[in-house]
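Everything below concerns the one structure shown next.
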Amino acid sequence: MARDANSSVERTADWPRLVLVGLLAGLFATLFGVGGGIVMVPLLVLLLGFEAKVATATSLAAIIATATVGVITHGALGNVAWGYAVLIGIPAVAGLMGGLWIKERLSSRVLTLAFAGLLAAVAIWLLVEPVAQGGAPSLTVGRAAIVMPIGVLAGMLAGLFGVGGGILFVPALALVIGLPQLSAEGASLLAIIPVALVGSWRQHRAGTVRWKAAAIMGVASVVTAVTGAFVADVTPPEVLRLLFAVLVAATGVQLALRSLPRRLAQTPPKSMT
């Protein structure tokens, strides 16, 4: 029986491309505090012909290794706000499950366009808001009450749209709570781990995770994940904020394009006669 296009990872010739995807994802993950799925998903679709659902699920599994190494490296450099990471990460798991449940029952085109607009607004906010100086603000009951609902919302949006929670964790912690950019990125990576664990387990049950591909990308990402953390540590916070704003805006554009009706891309050219 012929294998489908998404089982192409079983071919030996595919591993160099998977390594390349993993290397790029590892660098983005620890440089910006995102899981790496922003890089993995489009590249898996374009380079290896994965279906979108399979690409999303496989990248989620690969992110477990990427985020873990990123947390260890950022933690050694003192760039993780541990309490905030726990308070935003654990509620995000509940949000993720809710987002996946909704995704199975709703047409998400309008929601995706709305989310893309939200990301555009966040990108602008990142550009105009002054970068927080000094250390992370102390974790109070009031701040905890703000962080936990943000975690639920971020996890739900991650489940709905197949983007890593980091694209929302970082701006939420930096803009709403006032964490320095680097501390927000380190906390985001820790918060991503439980989301990736639960999400990949759920997707495994649905049969959409390609574990061999995830393992290759995860191992490859370790190399550049360490590098990205050290680069982030010596990069001025203003530059990190600017680059992250560009990443958020690019993600919004990618989601908007993905939501366009397929017929627009399939309309045959008019005859020249």
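Side chains included, hydrogens not; waters and symmetry mates left out as well; all remaining heavy atoms used.
- In this structure, the side chains of Asn79 and Glu185 stay at 4.5 Å or more apart for every pair of heavy atoms.
- Side-chain atoms of Ser59 come within 3.5 Å of backbone atoms of Ala55 as a donor-acceptor pair (strictly under, hydrogens ignored).
- A pairwise comparison of heavy atoms in Gly89 and Val195 identifies O-CG2, 4.1 Å as the closest pair.
- Following chains of ILVMFWY side-chain contacts shorter than 4.5 Å, one cannot reach Leu190 starting from Val69, and the two form parts of different hydrophobic clusters.
- The CD1 atom of Ile146 sits 11.5 Å away from the CD1 atom of Ile88 when rounded to the nearest 0.5 Å.
- Annotation: ring-ring contact (aromatic ring centres under 6.0 Å, His included) contacts of Trp125 (sequence neighbours excluded): none.
- Contact detail for Tyr84 and Ser138: the closest heavy-atom pair is OH-O, 3.1 Å.
- Among all heavy-atom pairs drawn from Leu60 and Ser200, the shortest one is CD2-N, 3.5 Å.
- The OG1 atom of Thr58 sits 10.0 Å away from atom CG of Leu48, with the distance rounded to the nearest 0.5 Å.
- Between the side chain of Thr208 and the backbone N or O of Gln203, at least one donor-acceptor pair lies under 3.5 Å.
- Expressed to the nearest 0.5 Å, how far CD1 of Ile63 lies from CG of Leu197 amounts to 11.0 Å.
- Between Leu173 atom CG and Arg143 atom CZ the span is 12.0 Å, to the nearest 0.5 Å.
- Nearest heavy atoms, Gly166 versus Ser188: CA-OG, 3.2 Å.
- Expressed to the nearest 0.5 Å, how far CD1 of Ile177 lies from CG of Leu139 amounts to 8.5 Å.
- There is a path of hydrophobic side-chain contacts, each under 4.5 Å, that joins Leu23 to Trp15.
- In this structure, Val219 and Val19 have side chains that are not in contact, with every pair of non-hydrogen atoms separated by 4.5 Å or more.
- Of the inter-residue distances, the one linking Leu240 atom CG with Leu182 atom CG reads 6.5 Å to the nearest 0.5 angstrom.
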With a 3.5 Å cut-off and sequence neighbours excluded, list the donor-acceptor pairs that the side chains of residues 24-46 form with protein atoms.
| unit_1 | atom_1 | unit_2 | atom_2 | d |
| --- | --- | --- | --- | --- |
| Thr30 | OG1 | Gly26 | O | 3.2 |
| Thr30 | OG1 | Ala225 | O | 2.7 |
| Thr30 | OG1 | Ala229 | N | 3.2 |

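- Arg241 places a side-chain N or O within 3.5 Å of a backbone atom of Glu129 that can act as its donor or acceptor partner.
- Both Leu119 and Ile150 belong to a common hydrophobic cluster when Ile, Leu, Val, Met, Phe, Trp and Tyr are linked at side-chain heavy-atom distances under 4.5 angstrom.
- At a threshold of 4.5 Å between side-chain heavy atoms, the hydrophobic network of Ile, Leu, Val, Met, Phe, Trp and Tyr places Val226 and Val80 in two separate groups.
- Between Phe244 and Val248, some side-chain heavy-atom pair lies under the 4.5 Å cut-off.
- When side chains are defined from C-beta on, Lys212 counts as touching Ile216, because their heavy atoms get closer than 4.5 Å.
- Closest non-hydrogen pair, Ile64 versus Ala196, comes out as CG1-CB, 3.7 Å.
- The hydrophobic cluster containing Leu118 also contains Ile102, counting ILVMFWY residues as joined when their side-chain heavy atoms lie under 4.5 angstrom apart, directly or transitively.
- Shown here are the side-chain hydrogen bond (donor to acceptor under 3.5 Å, both in side chains) partners of Thr68, two or more places apart in sequence or in another chain: there are none.
- Of all non-hydrogen atoms in Ala191 and Ala85, the two that sit nearest each other are CB-O, 3.6 Å.
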